[in-house]
Amino acid sequence: MAAIELRNVKKSFGVVNVIKGVDLEVKKGEFMVFVGPSGCGKSTLLRLISGLEDITSGEMLFDGKVVNALTPSKRGIAMVFQSYALYPHMTVYENMAFGLKLEKGHSKEAIRQRVEKAADMLQIRQYLDRLPKQLSGGQRQRVAIGRAITRDPKVFLFDEPLSNLDAALRVATRIEIAKLHEEMNDVTMIYVTHDQVEAMTLADRICVLRDGLVEQVGTPMELYERPDSIFVAGFIGSPKMNFVAGEKASAFSCSTVGIRGEHMDIKPDGIWEGKVIHTENLGADSYVYLDMGQEEPVVVRHDGTTNYQSGSLVRVSPQEDRIHRFNEAGKPIR
Amino acid sequence: MAAIELRNVKKSFGVVNVIKGVDLEVKKGEFMVFVGPSGCGKSTLLRLISGLEDITSGEMLFDGKVVNALTPSKRGIAMVFQSYALYPHMTVYENMAFGLKLEKGHSKEAIRQRVEKAADMLQIRQYLDRLPKQLSGGQRQRVAIGRAITRDPKVFLFDEPLSNLDAALRVATRIEIAKLHEEMNDVTMIYVTHDQVEAMTLADRICVLRDGLVEQVGTPMELYERPDSIFVAGFIGSPKMNFVAGEKASAFSCSTVGIRGEHMDIKPDGIWEGKVIHTENLGADSYVYLDMGQEEPVVVRHDGTTNYQSGSLVRVSPQEDRIHRFNEAGKPIR
Amino acid sequence: AELSIVSGDTGTGLQFLQSELDIFQEETGHVVTIVPMPSSTSDQFGQYRLWLAAGNADIDVYQTDVIWAPQLADQFVDLKEAFAEVADQHFPSVIESQTVGDKLVAVPAFTDAPALYYRKDLLEKHGKEVPTTWTELRQTAQEIMEAERAEGNTEIWGYVFQGNAYEGLTCNALEWVNSFGGGQIIEADGTISINNEQAVAALEEAASWVGTIAPQGVLAYGEEEARGVWQLGNAVFMRNWPYAYALSNGDDAAVKGNFDVAPLPAGEGEGAKSSATLGGWNFAVSQYSQNQEAAIELALFLSSAESQKRRAIEQANLPTVQSLYQDEEVLAASPFMAAWEEIFQNAVPRPSAPTQENYNEVSSLFWSAVHNTLSGNGSAAENLEVLEIDLDDLLQ
Amino acid sequence: MTGSFDLWKLTKGVLFYALVIAIVVIAVFPFYYAILTSFKAGTDLFRINYWPTSFSLANYQSVFSQGAFPRNLLNSVFVASVTVALALFLAVTASFALSRVRFRGRGLLLMTILAVSMFPQIAVLAGLFEVIRFLGIYNTPWALIFAYTIFTLPFTVWVLTTFMRDLPVEIEEAAIVDGATPWVIITQVFMPLMWPALVTTGLLAFIAAWNEFLFALTFTVSNQTRTVPVAIALLSGGSQYEIPWGIIMAASVIVTVPLVALVLIFQRKIVSGLTAGGVKG
Amino acid sequence: MTSEAIGAPTAAAQPRQKSELMQQRVRAARLFLLPMMIALAVVAGWPLARSIYFSFTDATLNDLYGAEWIGFGNYLQIRVLESGRTIYRGVLADPAWWNAVWNTVRFAFWSVLWETILGMIVALVLNAEFKGRGIVRAAILIPWAIPTIVSARMWSWMLNDQFGILNDLGMRLGLLNAPVAWTASPDTAMLAVLVVDIWKTTPFMALLILAGLQMIPKDIYEAAEIDGVHPVKQFFRITLPLVRPALMVAIIFRVLDALRIFDLIYVLTPNSAATKTMSVISQENLFQFNNFAEGSAQSTLLFLLIAIFTILYIWLGKVNFDGGDR
Ligand SMILES: Nc1ncnc2c1ncn2[C@@H]1O[C@H](COP(=O)(O)OP(=O)(O)OP(=O)(O)O)[C@@H](O)[C@H]1O
Ligand SMILES: Nc1ncnc2c1ncn2[C@@H]1O[C@H](COP(=O)(O)OP(=O)(O)OP(=O)(O)O)[C@@H](O)[C@H]1O
Ligand SMILES: [Mg+2]
Ligand SMILES: [Mg+2]
């Protein structure tokens with residue numbers, strides 16, 4: 001039985017329809033990631049699940065029971081906000097214990113134990129007496145997660161929890177969350193993000209949203225390898241999949257060819273020719289941006305460093321078995 | 001002749017010495033990136049160059065002339081702040097034109113032309129009449145850059161301009177800045193960042209700062225391939241270089257072996273053994289985190305997808321020619 | 001019964017009242033508490049009106065200014081019968097001032113009338129007599145002031161009085177007008193008499209003082225400001241109430257022992273005489289009192305000759321009982337009172353009886369007209385003409 | 001590093017401090033003069049001095065010997081404190097509703113509340129008097145506490161509403177998820193974050209209640225229930241026209257010192273950012 | 001900006017099923033507003049209604065309850081005399097009232113203007129970093145902490161022409177030739193009142209502006225410095241526009257207060273026609289003169305004037321009513 005089930009859920013703010021009918025099942029213990037372009041309704045959907053926002057129509061079920069009208073605290077959820085949303089005037093300990101204290105029926109000792117357990121899990125035990133402002137961004141976000149953990153929720157909701165952190169911290173905290181998921185494997189987690197890497201590395205399944213509707217749901221590899229539409233193909237993976245249309249696509253008997261940067265090779269006998277716009281060397285690998293007469297530059301990933309002169313011409317070939325072909329409606333031809 | 005020259009520049013706030021004697025030359029038209037851990041003095045150094053802060057001792061030269069006492073507006077610089085620092089009550093156009101209007105001697109028409117040229121360059125022409133709060137983060141940052149461009153500066157200063165943007169925008173704006181540098185090739189740019197990728201892709205030269213002193217200056221590839229210290233080695237590149245100490249290092253007759261994730265191969269006859277902690281699949285490649293009895297997990301990068309069970313044992317080998325060896329003082333042994 | 005009496009009296013006055021109440025309690029067994037009020041009379045008046053309008057039963061006895069009785073007449077108990085026995089012991093003018101129609105609204109506690117304070121030493125030094133007319137006063141003041149200034153006493157002025165736009169100016173101006181034989185603004189029968197030649201002459205005389213013998217600032221002076229200037233030795237003459245007498249004889253007063261009092265000067269022309277505005281305080285019983293009998297008893301007690309005598313001795317307040325001016329004990333305690341008996345002969349009441357509820361507004365119109373005249377804002381004749389029309393409108 | 005540069009900086013510094021000193025002198029001088037006057041007695045009062053010449057505590061003694069000044073002080077403290085507590089309580093809860101819950105006619109309600117502070121105090125005196133007598137609280141401190149809400153409440157509601165509007169939504173939502181009721185959100189989450197606003201409005205309301213004269217005069221009729229402004233007006237000299245300047249100044253100093261102390265204690269809290277660290281800055 | 005000010009329907013389409021959370025919040029909101037509304041209705045509503053009612057009657061303080069309805073007579077009455085002359089009576093035909101209106105408006109304008117300017121200067125000074133800022137901040141607040149009736153008396157003492165220290169100071173510094181009777185002379189009475197009021201309430205203004213100033217991000221000034229903006233220009237082009245919201249709220253409360261000014265004038269220059277304001281004149285009619293109904297009419301007119309001003313101000317100034325709700 002699904003932990004969470006959404007049946008034709010709709011949401012409008014005034015006259016604006018934001019969620020236009022979503023059906024979705026999230027299984028118990030699953031890690032579900034919502035991705036989609038800005039404004040597509042990811043946060044709104046998460047907030048509908050949390051109960052912070054009312055559903056306009058449709059049904060929402062937790063463990064088979066309709067929860068449409070239940071308050072957030074009664075749904076057994078916990079939420080981690082993009083902006084931490086810590087209580088600035090409470091110490092880390094108080095922040096984490098607040099929800100439990102309000103719940104009644106927990107002894108002081110029991111609360112302490114649960115807070116400390118969560119704190120140990122996230123390695124923030126030594127900060128328990130500090131105020132949020134005395135912590136770094138990463139530590140704050142861990143406190144926010146810790147606060148959610150202590151509530152011992154059945155469902156864990158994250159809204160872009162890492163987007164305020166710098167690159168190094170983002171990586172570290174991402175790994176933290178993955179470990180958490182492994183440890184708390186009967187807790188359902190729903191996670192909203194913009195970031196491809198987070199989506200790919202964390203998700204059991206990814207739900208791609210577009211304009212208030214579900215575009216595709218599947219495991220990261222399914223989406224990466226077998227996108228259901230040109231939209232999903234372009235959305236999953238970093239750098240973005242290159243799309244080649246026109247004559248070059250006709251050669252593959254489709255209207256658009258999609259090929260990822262890592263599946264192209266620069267070689268003298270490449271079937272396509274492009275002018276180098278710009279090269280980026282990242283050390284481990286490098287990206288070459290090519291002008292191939294398409295709307296956007298085509299990016300080719302190259303192991304190690306390269307040094308192509310801007311303006312010079314190079315030839316590339318897609319790896320035939322890695323090509324995605326799309327028809328005019330943007331659907332894949334398989 | 002260097003565009004900017006710092007001679008034994010020091011800065012203290014009260015009794016705290018923040019910049020402890022920096023000598024640095026930035027050439028005309030060069031793109032210089034400052035990196036370093038938080039609090040090392042990157043922003044302070046940038047602000048000294050801008051003239052927003054006074055130098056405590058030492059000399060600062062622009063084109064050979066001492067500018068120690070010159071006000072910011074007379075140094076011919078422009079600055080882009082991490083927090084955008086747009087005037088919230090002015091439209092984009094007014095924001096960009098404000099500095100020019102005050103400068104006198106520019107006709108209305110001339111100002112309009114310059115603003116529009118900059119706006120075109122950054123593709124923000126259609127937003128000229130909006131207020132900053134009506135723009136998304138990426139658009140705001142482009143306005144901030146545009147404002148700097150219209151001033152037609154000799155020196156361009158950036159303080160972590162991208163750190164408030166989300167991943168996708170960060171990539172797009174990064175490329176924007178790179179193009180800008182190519183187009184305005186006689187303008188000197190100094191750029192502060194935390195982000196490896198930005199540093200590697202944008203810089204002509206990178207200056208690694210540590211605790212108020214310059215640790216190493218060089219091109220990205222110099223730093224990536226031939227770091228002058230274990231500090232620089234660990235700081236440049238993403239994911240971080242793995243450091244292996246103890247017995248395993250002694251085998252290479254050094255105190256610490258540094259090896260990047262992309263320079264290790266998982267193979268049955270690998271010389272080191274490690275327990276898999278966690279695997280991350282990014283589609284194009286994947287990271288395997290191994291516990292090898294070191295302080296931190298060792299990360300191995302692997303092309304394509306992998307599927308190692310957490311807890312299983314694997315063997316890896318570093319690519320011999322990619323090994324960095326460091327002595328006890330943290331200096332490289334070459 | 002338990003009574004409460006409201007009083008705007010001041011420090012020692014309250015103490016005295018308390019001691020009287022103690023005697024009263026001993027005699028009658030009624031317990032009385034005092035509710036003190038701010039000494040600002042207009043604050044008091046506003047409060048009393050509001051309380052009475054709302055039928056406030058918390059206050060039984062009010063201490064009232066002479067001019068209030070007619071305005072609040074409806075809400076006070078008629079004391080005529082109760083007072084009938086002793087009525088003829090008191091100055092008739094005082095009783096008259098508290099009588100509205102046929103009703104005695106309040107019974108007197110003490111009376112008050114101003115006098116001319118003059119510097120004995122300076123008059124002697126310059127060989128001058130105490131002036132008896134305003135013209136003399138002006139000339140004497142002018143001469144002494146100029147002579148003194150020539151000697152280096154640059155701060156000195158000739159005459160200070162109460163010139164601020166407030167009730168005090170009404171008193172002052174009424175004295176000028178009346179002393180010139182110009183009537184009482186509104187006569188007892190209700191005719192508006194103020195617009196006459198004598199009154200114009202009186203105000204013109206007064207206007208001529210400002211900036212010559214009196215400082216320009218006199219237009220903002222009340223009793224205290226005038227006393228301040230006087231007491232520092234910076235004025236030759238002053239018009240003030242008896243309270244200034246004791247204070248001017250204080251140890252730190254520059255004028256101590258060097259001054260005396262006389263009736264205010266007379267005006268000129270037909271009917272000219274010295275005149276002094278009648279002041280003083282009274283006791284009235286609230287209609288809403290739940291112990292009216294006891295309250296009346298209290299009011300009568302406080303205005304009795306015995307009480308007035310103690311008041312005269314301890315508080316130096318002028319009694320309304322005529323016989324007390326010959327009383328030796330009183331004169332021994334406050335010798336200056338002898339001088340006031342003469343002043344009382346010329347006491348003139350403010351027109352509160354004929355104007356009734358409108359008195360305050362009448363007074364306000366009057367002092368405004370006078371203040372305008374003094375500050376050179378229109379001539380006396382013009383201002384009085386307008387005043388007549390305004391009064392006519394108000395009282396028609 | 002030229003000489004003129006330093007000179008310019010110096011001039012700017014000197015000018016700035018001159019401005020600071022000017023502001024302080026203007027603000028404090030009358031109070032200083034009041035203190036000076038309160039130490040004078042008799043005719044000395046009418047003499048102008050810039051520095052203390054005589055020093056006499058007689059005025060202070062008279063303040064405490066006349067009437068029931070200590071009692072009045074206590075009354076004032078009680079009335080002002082309860083008024084502030086009540087106003088803050090009502091205003092905090094009301095401003096939560098006004099700033100955080102979406103409902104019809106909110107703007108109209110805010111306008112109505114503002115309208116209450118548009119009517120002149122003297123004009124409501126008679127009507128208020130009726131209400132107070134009807135409620136049977138005439139001549140008790142409660143009459144004043146009740147009457148003072150007329151000017152403390154609109155102000156506190158408005159200011160607190162503006163402040164509460166700016167508190168981050170995320171923190172409130174976090175509390176909702178934690179299971180907090182609106183009451184818990186207000187008392188345990190918002191109140192601690194609003195110290196600057198609470199202190200600012202609390203101080204304003206306290207001072208307004210502390211200084212109020214007209215209502216206090218009208219609604220209390222005994223020394224035991226009156227507050228200090230009335231007590232000051234009741235201070236009197238020996239006779240009717242005599243204004244006891246020295247004593248009034250002494251009383252004023254006594255009345256003002258607690259307020260100055262209060263301001264000194266709280267001024268640090270008046271302006272500061274307490275939400276720091278809670279949400280991404 | 002005033003998107004849903006006065007009575008505009010908020011969320012057009014209410015959610016079909018109101019959740020427990022929303023119900024709880026709305027219930028709480030009602031519960032929270034109720035005590036305040038009751039308190040205000042009792043403490044202000046009834047007295048206001050009474051005053052307005054009295055303004056349409058012939059009430060006097062001697063006979064409040066026997067008041068009879070006379071319509072607009074207290075406001076304006078047109079009477080035709082037997083002689084055929086038409087005369088106008090009532091508050092609106094009373095030159096003293098119009099004088100008071102003019103005084104009030106004049107007073108409110110100048111006092112709030114100067115308080116704003118000086119408050120801004122003080123706030124800017126307090127906003128700067130310098131040693132001893134805490135003490136200066138406390139010192140600044142002293143005028144505001146002194147009871148009005150005391151400070152009014154203090155100033156009337158200091159402004160006295162004979163023993164007032166200000167005249168003495170003026171003479172010593174050579175600013176004055178002769179002592180001026182500040183509160184007595186009609187030419188200077190208003191000035192005196194203004195000076196005292198400005199002295200007293202500038203701290204209030206400064207405090208609220210300071211709070212606004214602290215909200216302006218610092219980095220904008222650095223951007224301006226790099227743009228080479230002169231400090232004076234920085235103030236007018238950046239500080240002023242950004243501090244405007246805080247300023248608007250401060251000004252509205254100050255103007256409301258200034259239009260109702262009573263106690264200061266009552267103590268300082270009680271009877272001077274040059275400073276008599278609407279509140280003072282209506283107090284006079286209510287309690288000193290026998291014109292309770294007319295006084296009520298004057299209070300009502302004052303209320304109307306303030307209300308009109310407020311609505312205009314909020315409308316023209318685009319004061320934001322809307323909450324940051326969820
Ligand atoms: N309270 C609201 N009132 C009206 N419209 C709203 C409200 N909240 C969200 N929206 C609209 O709903 C749409 C979806 O918003 P939502 O925040 O869910 O997007 P998102 O997918 O989370 O975007 P992002 O990635 O930028 O966070 C947006 O167009 C937004 O403008
Ligand atoms: N105005 C100041 N007064 C006192 N110390 C300061 C001031 N500005 C900066 N510092 C200190 O100087 C040091 C360097 O600060 P700086 O902002 O230059 O660091 P940074 O390298 O930019 O760090 P980050 O990466 O976090 O931005 C820090 O320790 C900081 O606390
Ligand atoms: Mg979102
Ligand atoms: Mg920095």
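Letters A, B, ... are given to chains in the order of the sequence lines, protein chains preceding strands, and every chain is numbered from 1. Basis for what follows: all heavy atoms, side chains included, without hydrogens, waters or symmetry-related copies.
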Engineer: Using a heavy-atom distance cut-off of less than 4.5 Å, which residues of residues 118-127 of chain E contact chain B?
Structural biologist: none
Engineer: Let me know if B/A148 has heavy atoms under 4.5 Å from chain E in its side chain, its backbone, both or neither.
Structural biologist: neither
Engineer: Which residue pairs satisfy the ring-ring contact (aromatic ring centres under 6.0 Å, His included) criterion with at least one member in residues 92-150 of chain B, sequence neighbours excluded?
Structural biologist: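 Found B/Y87-B/F98.
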Engineer: Look up atom CG in E/L242 and atom NE2 in B/H89, then write down how far apart they are to the nearest 0.5 Å.
Structural biologist: 5.0 Å
Engineer: Using every non-hydrogen atom in the two residues, find where E/I220 and B/P88 come nearest and quote the distance to one decimal.
Structural biologist: CD1-CD, 3.4 Å
Engineer: How many angstroms lie between atom CD of E/E225 and atom CE of B/M79, to the nearest 0.5 angstrom?
Structural biologist: 11.0 Å
Engineer: For the atom pair CD (E/E222) and OG (B/S50), what is the distance rounded to the nearest 0.5 Å?
Structural biologist: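 The distance works out to 7.5 Å.
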Engineer: Which pair of heavy atoms, one from E/A223 and one from B/A85, lies closest together, and at what distance?
Structural biologist: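 Heavy atoms of E/A223 and B/A85 come nearest at CB-O, 3.8 Å.
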Engineer: If you compare all heavy atoms of E/R237 against all heavy atoms of B/M90, which two are closest, and at what distance to 0.1 Å?
Structural biologist: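 Distance-wise, the nearest heavy atoms are O-CE, 3.9 Å.
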Engineer: Taking atom CZ of E/F235 as the centre, report whether more than 12 heavy atoms of other residues, nucleotides or ligands fall under 6.0 Å from it.
Structural biologist: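 More than 12 within 6.0 Å, yes.
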Engineer: What distance do B/R47 atom CZ and E/I226 atom CD1 have between them, rounded to the nearest 0.5 Å?
Structural biologist: 8.5 Å
Engineer: Strictly distance-based, threshold 3.5 Å: is any side-chain N or O of E/H230 a donor or acceptor partner for the main-chain N or O of B/L102?
Structural biologist: no
Engineer: Between B/L157 and chain E, with a heavy-atom cut-off of 4.5 Å, which part of the residue counts as in contact: side chain, backbone, both or neither?
Structural biologist: neither
Engineer: Drop me the distance from B/T150's OG1 to E/D227's CG, to the nearest 0.5 angstrom.
Structural biologist: 7.5 Å
